[in-house]
Undergrad: 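I'd like to ask some things about the structure below.
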Amino acid sequence: NKETKGKARTMLSSPARPAPQAIPQDDLDDENDIELTEAFGEEDPLGEDFDEATGLMSSRYSLDDEYEFEDRAYSGSFKNLVCVMVIVLIIATLAVVIPETGSLWYLKSPARIPVDYKCPIPLEEDTNMTAAIAANATKFLESYRERTKDRWDRSYAELKASMFDFKSQYFPKYLNDDGSSIYESGCGVGITLFMTLEILQESSGIDNLVVYGSDQKEDLVRESDAVLDKLGPAHADKGVFCVADPTDLGFVPEKSFDIVYTGYIRPLKDPLSFGGNQTDNYQKYQEICDSVDWEGLKLKELAQETQEKWYGENVREMARLAKPGSPVIVEQVSKRNCDSTFDRGGVSEDWWTTSAGNNTYGWDIDPDSIVIEVAKLYVDRYHVFMLKNGQKTE
C-alpha cells in the first residue's frame, strides 16, 4: 500500500525511574537514627538488583510497518496491555527471587493477619529509622544482634544461648505452620521476639508465624515495629504493635493467640511511692528488709502486696489474650525484693501456684500446669510456664 510507505515506527517507552533519594541528614535528629545512618550509610544495597529486575519497564516497543494504528486505537487498549505485561514480568521475577532469599525485607508485609485490631495510640512510622534499616539490612541486623540486652551487658548471643532450651521445650508444641500467632507483652525493641522466632526456626523448623506486641514506651515500639517488618526471620509476618499499658490491654481481642508471653516484667522500683531518687529509695527499702520491728514488717508486707498486684495485673491481661488451653509464659521473673537484691523487686516462686489456685487476679490458669525453671543466665531469676484453662482448639 503506497499510502503507508514511509510511515515511521511508533515507539513507546516509560519515563525513567527517579533516582533514589538519600536520607536527609537534617531529619536524623535523634541519637538512634544518627547511629544507624552512620553505621549503614544511605545506599540501598538491593536497589541496583531491583532496578535490573524491573528494567523492562523502560524497554521500547515497536509496531510493524505493515500494521496501521491510529493514535486513538492504541493509546487506550494497547497501553493497558503493556501495563499488564510489565506487571506479569515483575511478578515472574519476584517469584524467582523470593524463594532464593527466604525473607525479602523490602517486600515484607503481612500476608495474613489472623487477629486484627486498632491501637489506642496511633503509631507513626519513624521514616528515618525505617530508611536506615532499609539502607543496609545486613549491617543493621548484625548491629541489632550485637547490642547488649540490659544493664548487665549481656549480649544477644548469650541470652539466646541461655533461652534456647526453654523456648525449644515449651513453645513448639502449641504452634504449627498454618500461621499460628504469638503475642509479647512488654516487647521493647523486639529483640526477645526476634530471638524467639529464630529459636523456633532452628529447633523445630517452625517459621510461618504472625507476631504481635506492645510496650509502654513509644520509641521502643516504633523500633520493634520497623525491625520485625523489615528484618523478621523468613516467612514470619508482623501483626499489630501498639503503645500500651501492660495492665490494660482491653483493645486486644480476648482468646486470640496461640502463645502469649513476656520476656520480662519490670518490677516496681518504688512500690511504696516514697518518691526521691533511686539511690535514696534503694537505701530505704534495704532498711525495711532488715527491719524487725512492727513498722518495718508492715511496710515490707505492703511493698510486697503492691508488687504482687502489679505482676498479677500484667499476667491477667496476658492470660485474657491467650486461647483456651494455650500457654502463658513469663520469662526472667525477679525474686522478692527482700530475698534478692539483683532486681530489687519481684515475686516468689510459690506465689504463682497460690494465685492461680485462688484465681486471685482472674487469670483463669490451671494451677497444675505451672512449671518453674531457674534461669540459666541470671540465677536470681526464673521462668514460668502456665496453661490457660480450657481445651485448645486448632
Undergrad: Taking atom types as modelled, is there a side-chain donor on T192 or E184 under 3.5 Å from an acceptor on the other?
TA: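 The criterion, which ignores hydrogens and geometry beyond distance, is satisfied for E184 and T192.
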
Undergrad: With rounding to the nearest 0.5 angstrom, report the OG to NZ distance, S181 to K323.
TA: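 If we round to the nearest 0.5 Å, S181:OG and K323:NZ are 5.0 Å apart.
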
Undergrad: Angle class for the Y212/F257 ring planes (parallel below 30°, perpendicular above 60°, tilted otherwise)?
TA: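 Answer is perpendicular, since the angle exceeds 60°.
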
Undergrad: Evaluate the criterion side-chain contact (heavy atoms from CB on, under 4.5 Å) for residue pair L159 and Q332; output intermediate values, then yes/no.
TA: CA-CA 11 Å; L159 185 62; Q332 307 292 346; 3.8 Å; yes

Undergrad: Should L268 and F274 be regarded as members of a common hydrophobic cluster, given that ILVMFWY residues are connected when their side-chain heavy atoms come within less than 4.5 Å of each other, either directly or indirectly?
TA: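 Hydrophobic grouping puts L268 apart from F274.
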
Undergrad: Answer whether the closest heavy-atom distance between the side chains of K298 and E295 falls below 4.5 Å.
TA: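 Side-chain contact under 4.5 Å: no.
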
Undergrad: Determine, using the 4.5 Å side-chain heavy-atom cutoff (strictly less than), whether W310 and L302 are members of one ILVMFWY cluster.
TA: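 Hydrophobic grouping puts W310 apart from L302.
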
Undergrad: In terms of hydrophobic clusters joined by side-chain contacts under 4.5 Å, are L272 and Y311 together?
TA: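 No, L272 and Y311 fall in different hydrophobic clusters.
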
Undergrad: Which heavy atom of L297 sits nearest to which heavy atom of V292, and what is that distance?
TA: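 Smallest heavy-atom distance, with atoms named: CD1-O, 3.7 Å.
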
Undergrad: Nearest heavy-atom pair of S185 and T262: which atoms, and what distance?
TA: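 Here S185 and T262 meet closest at O-OG1, 2.7 Å.
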
Undergrad: Would you mind telling me which of I370, V384, N358 makes a side-chain contact (heavy atoms from CB on, under 4.5 Å) with T353?
TA: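 The option that passes is I370.
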
Undergrad: Considering only heavy atoms from C-beta outward, does the side chain of W363 approach that of N389 to under 4.5 Å?
TA: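 W363 vs N389: side chains apart.
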
Undergrad: If every non-hydrogen atom of T247 is compared with every non-hydrogen atom of R316, which pair is closest and at what distance?
TA: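 In this case the closest contact between T247 and R316 is O-NH2, 2.8 Å.
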
Undergrad: Taking the side chain as everything from C-beta on, heavy atoms only, tell me whether M386 gets closer than 4.5 Å to M318.
TA: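 SC-SC contact between M386 and M318 ruled out.
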
Undergrad: Are any of the side-chain nitrogens in K238 or D225 under 4.0 Å away from the carboxylate oxygens of its partner?
TA: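 A salt bridge is present here (some side-chain N lies under 4.0 Å from a carboxylate O).
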
Undergrad: For Y378 and D343: C-alpha separation, side-chain torsions, deciding distance, then whether side-chain contact (heavy atoms from CB on, under 4.5 Å) applies.
TA: CA-CA 10 Å; Y378 308 108; D343 283 328; over 6 Å; no

Undergrad: Could you check D258, V210, L200 and say which one makes a side-chain contact (heavy atoms from CB on, under 4.5 Å) with I182?
TA: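 Result: among D258, V210, L200, L200 is the only option passing the side-chain contact (heavy atoms from CB on, under 4.5 Å) with I182.
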
Undergrad: Is the backbone of Q304 close enough, under 3.5 Å, to the side chain of T306 for a donor and an acceptor to pair up by distance?
TA: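 Checked: no pair found.
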
Undergrad: For atom NZ of K284, is the number of surrounding heavy atoms from other residues, nucleotides or ligands below 6.0 Å larger than 12?
TA: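 Above 12, so yes.
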
Undergrad: Contact between K300 and S291 at the side-chain level, heavy atoms closer than 4.5 Å - yes or no?
TA: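 K300 vs S291: side chains apart.
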
Undergrad: Please round to the nearest 0.5 Å and tell me the distance separating atom CZ of R266 and atom CG of N314.
TA: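 Answer rounded to 0.5 Å: 12.0 Å.
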
Undergrad: Could you list the residues that satisfy side-chain contact (heavy atoms from CB on, under 4.5 Å) with V374, not counting sequence neighbours?
TA: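 V374 satisfies side-chain contact (heavy atoms from CB on, under 4.5 Å) with no other residue.
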
Undergrad: Does the side chain of H383 come within less than 4.5 Å of Y170's, by heavy atoms?
TA: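 A side-chain contact under 4.5 Å is absent here.
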
Undergrad: Between S214 and Y183, is there a side-chain heavy-atom distance shorter than 4.5 Å?
TA: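 In short, these two side chains touch, coming nearer than 4.5 Å.
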
Undergrad: Taking all heavy atoms of P114 and all of G179, pick out the closest pair and write down the distance.
TA: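 Taking every non-hydrogen atom into account, CG-O, 4.2 Å.
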
Undergrad: Any idea how F171 and Y261 line up, ring-wise: parallel (<30°), tilted (30 to 60°), or perpendicular (>60°)?
TA: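 If you compare the ring of F171 with that of Y261, the planes turn out perpendicular.
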
Undergrad: Which of parallel (below 30°), tilted (30 to 60°) and perpendicular (above 60°) describes W351 and Y361?
TA: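 W351 and Y361: tilted rings.
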
Undergrad: Do R320 and E317 meet the salt-bridge criterion of a basic N to acidic O distance under 4.0 Å?
TA: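 The answer is yes: the pair qualifies as a salt bridge.
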
Undergrad: Please report the interatomic distance OG(S180) to CD1(I259), rounded to the nearest 0.5 Å.
TA: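 Taking OG in S180 and CD1 in I259, the distance rounds to 8.0 Å.
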
Undergrad: According to the interplanar angle, ranging from 0 to 90°, do the rings of F385 and Y174 count as parallel (below 30°), tilted (30 to 60°) or perpendicular (above 60°)?
TA: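 Plane angle between 30° and 60°, so tilted.
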
Undergrad: Say you draw a straight line from NZ of K160 to CD1 of I191; how long is it, rounded to the nearest 0.5 Å?
TA: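 Atom-to-atom, K160:NZ and I191:CD1 are 13.0 Å apart.
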
Undergrad: For G275, does its backbone N or O pair with a side-chain atom of N281 as donor and acceptor, under 3.5 Å?
TA: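 Answer holds: yes.
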
Undergrad: If I compare all heavy atoms of K335 with all of V379, which pair ends up nearest, and what's the gap?
TA: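 Taking every non-hydrogen atom into account, NZ-O, 4.2 Å.
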
Undergrad: Could you tell me the separation between the CZ atom of R381 and the OH atom of Y264, rounded to the nearest 0.5 Å?
TA: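 The OH atom of Y264 is 4.5 Å from CZ of R381, to the nearest 0.5 Å.
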
Undergrad: Linking I/L/V/M/F/W/Y whenever their side-chain heavy atoms sit closer than 4.5 Å, directly or via other members, would I288 and F342 fall into one cluster?
TA: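 Not linked; separate clusters.
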
Undergrad: To the nearest 0.5 Å, what is the distance between CG (D339) and OG (S348)?
TA: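 Here the rounded value is 7.5 Å.
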
Undergrad: List the atom of C187, the atom of G213, and the distance in Å for their closest heavy-atom pair.
TA: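 In this case the closest contact between C187 and G213 is SG-C, 4.2 Å.
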
Undergrad: The test is side-chain contact (heavy atoms from CB on, under 4.5 Å); show your working for S326 and K388 and say whether it passes.
TA: CA-CA 6 Å; S326 295; K388 187 172 180 177; 5.5 Å; no

Undergrad: Before giving the answer on side-chain contact (heavy atoms from CB on, under 4.5 Å), spell out for V211 and F241 the whole-Å C-alpha distance, their side-chain angles and the decisive distance to 0.1 Å.
TA: CA-CA 9 Å; V211 294; F241 282 75; 4.3 Å; yes

Undergrad: What I'd like to find out is whether the side chain of D245 reaches to under 4.5 Å of the side chain of Q216, using heavy atoms alone.
TA: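 Result yes, sub-4.5 Å side-chain heavy-atom pair found.
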
Undergrad: How about Q278 and K269: do any of their side-chain heavy atoms sit closer than 4.5 Å?
TA: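 Side chain of Q278 against side chain of K269, heavy atoms only: no contact under 4.5 Å found.
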
